[in-house]
Amino acid sequence: MKKLTMLLAIGATAALTLTACGGSNSGGGSTPNAAPTDKVLKLSFLQDPGQPPDPDIYYAGQGLLLTTNTYEGLLQYKSGTDKPELEPLLATEWTASPDNKVFNFKLRQGVKFHDGTPFTSAAVKASFDRRAAVNQGPAYMVSDVESVTTQGDYDVTVTLKAPNSAFLDYLACPYGPRMMSPEGLQKNAGSDHAQAYLTSHDLGTGPYTLTAAEVGSKYQLTAFGDYWGAKPYFEKVELPVITDVSAQQLQFNNGQLAAILHDLPSSAVQSYLDNKSFANYSLPTMMSNFVYINPKKGMMTDVKNRNAVMQAINVDELVKQTYFGRGQKAEQIYPPNMMAAEFGKQSVTHDPSVLTGLAASLPADQKAVTIGYDSSNPDNQLISNLIQTQLAAAGLNAKVQAYPTSEIYGWVGGDGQAAPEIMTYLGWPDAPSPYTWGHISWDADGGLNFFGCSAPPITDALAKGLPTGSDADFGTAGEEAVKTGCWLNVADVNDFMVTQPWLKGVEQAHVVTDPNSLRLAALSAG
């Protein structure tokens with residue numbers, strides 16, 4: 001899923017303004033409570049994060065709120081912007097060699113880990129080593145590190161095995177390497193590099209520390225008294241797991257929750273756009289809603305058929321029905337805010353007659369297709385149903401089926417037979433380098449290449465662009481991906497959030513690279 005850089009934004013700037021209208025709201029519309037006087041911020045997860053809040057393991061969507069507010073990396077991306085822009089965090093200065101192979105960092109002084117130990121250069125090596133040793137999804141970000149050398153307590157040099165223009169993006173992105181207490185890692189190492197300990201504790205430097213982690217029930221963050229930066233306004237953040245979207249909205253409408261930060265279905269979005277009792281925000285992200293086509297199954301083994309299916313999908317209608325007020329039709333195969341508009345263009349003309357002609361000549365068993373979606377995503381249930389109708393009109397016998405996230409990721413590296421012919425999927429890059437998205441999505445061994453579709457021109461163009469970060473090469477990779485008929489970017493999707501009117505600082509707390517999340521220390525009540 002996933003998911004940064006000195007890149008040009010796509011298209012028009014997304015509005016970072018509060019909007020409010022009037023009307024009634026499903027689930028009740030009682031007057032919101034006043035701002036809390038106990039400095040406790042009450043939010044929620046619609047489903048459990050699903051993975052421990054350990055930044056070397058966590059690689060999903062819901063739950064970034066935990067990892068990004070308890071841990072910090074050397075760099076980060078600025079909040080309150082519509083495109084990725086690097087800024088200092090635990091490193092105050094940095095330089096990169098002309099070939100993007102050697103990186104020097106000056107470290108921030110006076111920083112404490114949550115276990116009370118000081119942050120020094122030793123933590124950089126310990127944290128990189130720990131990520132490699134745990135060897136979970138985000139481990140690839142340090143896999144090309146050849147050495148980490150320290151020059152005293154506050155200077156460090158990282159040397160890579162090969163040039164990589166995306167490396168600074170890895171350090172700053174929400175899934176990037178986070179600094180952990182070397183003493184804490186050693187003390188709690190056990191037999192698993194402290195993985196058991198970090199399911200319910202943390203060893204970070206962030207403004208909040210993890211004080212509760214009850215899987216399926218609740219999570220809690222508490223402000224860290226010795227934080228090096230500005231002290232958070234909210235002293236505690238409570239995050240119950242509320243698995244029913246209607247129950248979540250009811251609690252919000254009644255003032256029991258300060259905000260809903262993610263996964264509101266389109267019907268609820270419209271109701272909140274029309275309700276003046278609450279504030280709503282549609283904030284820029286790097287999220288896109290994609291259609292994937294399985295090239296290993298049924299009629300989709302023929303590239304001609306795959307492209308005909310893509311042409312039969314009425315993208316304008318999908319966006320109008322699903323993403324009104326929080327998204328727009330995608331013009332590029334890459335996610336938004338990643339590269340200049342002229343690169344990676346999609347050129348799929350809506351023409352259902354092509355599929356109608358092909359379907360007429362197919363045997364009956366070839367006309368039956370399944371459209372899958374992640375069971376936790378109500379928008380993709382709607383999109384899948386709309387696509388079902390569109391394909392049926394062109395002569396296919398399409399059905400819609402939900403799949404749990406774990407099963408979807410289980411298709412990676414498989415033969416494609418257990419997977420559906422078509423899947424709708426909301427995704428975003430780990431890091432905003434175009435290489436990162438291209439590699440994880442289109443290379444044969446990519447973690448988001450669910451159906452194993454690829455082509456040599458894609459891999460060649462990505463490899464050519466990696467050393468220098470050439471948008472032209474990455475654009476070529478995208479154009480070649482479109483030709484396979486395996487991917488279609490339907491919509492560039494904003495973070496739609498609703499809050500009580502007293503919650504302040506939402507725009508300033510939002511980061512374009514960090515979906516479904518906010519920097520909690522930037523929030524206040526007023």
Side-chain angles (χ1 to χ4, degrees), residues 288-315 317-318 333 346-375 377 380-427 440-458 480-490:
S288 284
N289 215 119
F290 285 87
V291 172
Y292 282 62
I293 292 188
N294 184 350
K296 300 177 179 178
K297 192 170 184 181
M299 66 173 285
M300 304 305 179
T301 57
D302 189 328
V303 64
K304 176 175 81 274
N305 293 346
R306 295 197 298 272
N307 280 308
V309 169
M310 292 294 191
Q311 287 185 271
I313 295 173
N314 187 336
V315 173
E317 189 63 25
L318 298 186
I333 190 62
Q346 290 186 149
S347 53
V348 180
T349 304
H350 177 52
D351 184 0
S353 68
V354 179
L355 181 59
T356 301
L358 286 170
S361 63
L362 289 174
D365 63 332
Q366 290 283 294
K367 294 182 184 182
V369 299
T370 298
I371 305 166
Y373 69 94
D374 189 315
S375 57
N377 191 301
N380 271 327
Q381 181 178 12
L382 175 57
I383 285 178
S384 297
N385 288 336
L386 292 169
I387 292 175
Q388 176 190 35
T389 300
Q390 293 173 4
L391 297 187
L396 296 186
N397 178 18
K399 71 173 183 177
V400 173
Q401 182 172 336
Y403 296 87
T405 305
S406 58
E407 184 173 349
I408 291 171
Y409 278 89
W411 299 332
V412 176
D415 62 7
Q417 300 311 299
E421 286 82 4
I422 303 169
M423 182 176 69
T424 60
Y425 179 78
L426 181 70
I440 64 176
S441 300
W442 307 326
D443 272 342
D445 59 348
L448 291 184
N449 194 343
F450 301 110
F451 301 146
C453 186
S454 193
I458 301 174
E480 293 296 331
V482 173
K483 291 177 185 177
T484 67
C486 291
W487 299 278
L488 176 68
N489 188 359
V490 171

Worksheet item: With side chains defined as the heavy atoms from C-beta onward, is the minimum distance between M423 and F451 less than 4.5 Å?
Response: yes

Worksheet item: Going from OH on Y403 to CH2 on W411, what distance comes out if it is rounded to the nearest 0.5 angstrom?
Response: 5.0 Å

Worksheet, complete the sentence: So CD1 of I371 and CD1 of I383: to nearest 0.5 Å the spacing works out to 11.5 Å

Discussion item. Is it true that N380 and N289 share a donor-acceptor pair across their side chains at a distance under 3.5 Å?
Written reply: yes

Worksheet, complete the sentence: Applying ring-ring contact (aromatic ring centres under 6.0 Å, His included) to Y373 and not counting sequence neighbours gives none

Worksheet item: Once you round to the nearest 0.5 Å, how far does CG of L362 lie from CG of D302?
Response: 9.0 Å

Worksheet item: What closest approach, in Å, do P404 and S375 show between heavy atoms, and which atom pair accounts for it?
Response: CA-OG, 3.6 Å

Worksheet, complete the sentence: So salt bridge (charged side-chain N to carboxylate O under 4.0 Å, His left out) across residues 407-424, not counting sequence neighbours, yields none

Discussion item. With a 4.5 Å cut-off on side-chain heavy atoms, are V309 and M300 touching?
Written reply: yes

Fill in: I333 to W442 - nearest heavy-atom pair and separation
CG1-CZ2, 3.7 Å

Worksheet item: If only atom types and distance count, is the side chain of N449 paired as donor or acceptor with the main-chain N or O of C453 below 3.5 Å?
Response: yes

Worksheet item: Among V291, L426, I387, T424, which one satisfies side-chain contact (heavy atoms from CB on, under 4.5 Å) with V490?
Response: V291

Practice prompt. State, with a plain yes or no, whether a side-chain heavy atom of M299 is found less than 4.5 Å away from one of L396.
Written response: yes

Discussion item. What's the separation between atom CD in Q311 and atom CG in L488, rounded to the nearest 0.5 Å?
Written reply: 10.5 Å

Worksheet item: Where do I293 and W487 land on the side-chain contact (heavy atoms from CB on, under 4.5 Å) test, with the steps shown first?
Response: CA-CA 6 Å; I293 292 188; W487 299 278; over 6 Å; no

Response to the item:
Closest non-hydrogen atoms of K297 and G416, given as atom of the first, atom of the second and distance, are CD-O, 3.8 Å

Discussion item. Using 0.5 Å steps for rounding, measure from the CD atom of Q390 to the CG atom of L318.
Written reply: 5.0 Å

Worksheet item: If every non-hydrogen atom of V482 is compared with every non-hydrogen atom of Q346, which pair is closest and at what distance?
Response: CG2-CG, 4.3 Å

Worksheet entry | Atom of S454, atom of D443 and distance for their closest heavy-atom approach | OG-CA, 3.8 Å

Worksheet entry | Donor-acceptor pair, side chain of K296 and main chain of G414, under 3.5 angstrom | yes

Fill in: Heavy-atom pair with the smallest gap, counting every atom of C486 and R306
SG-NE, 3.7 Å

Discussion item. Quick check for you: to the nearest 0.5 Å, what is the distance between T389 atom OG1 and N314 atom CG?
Written reply: 11.5 Å

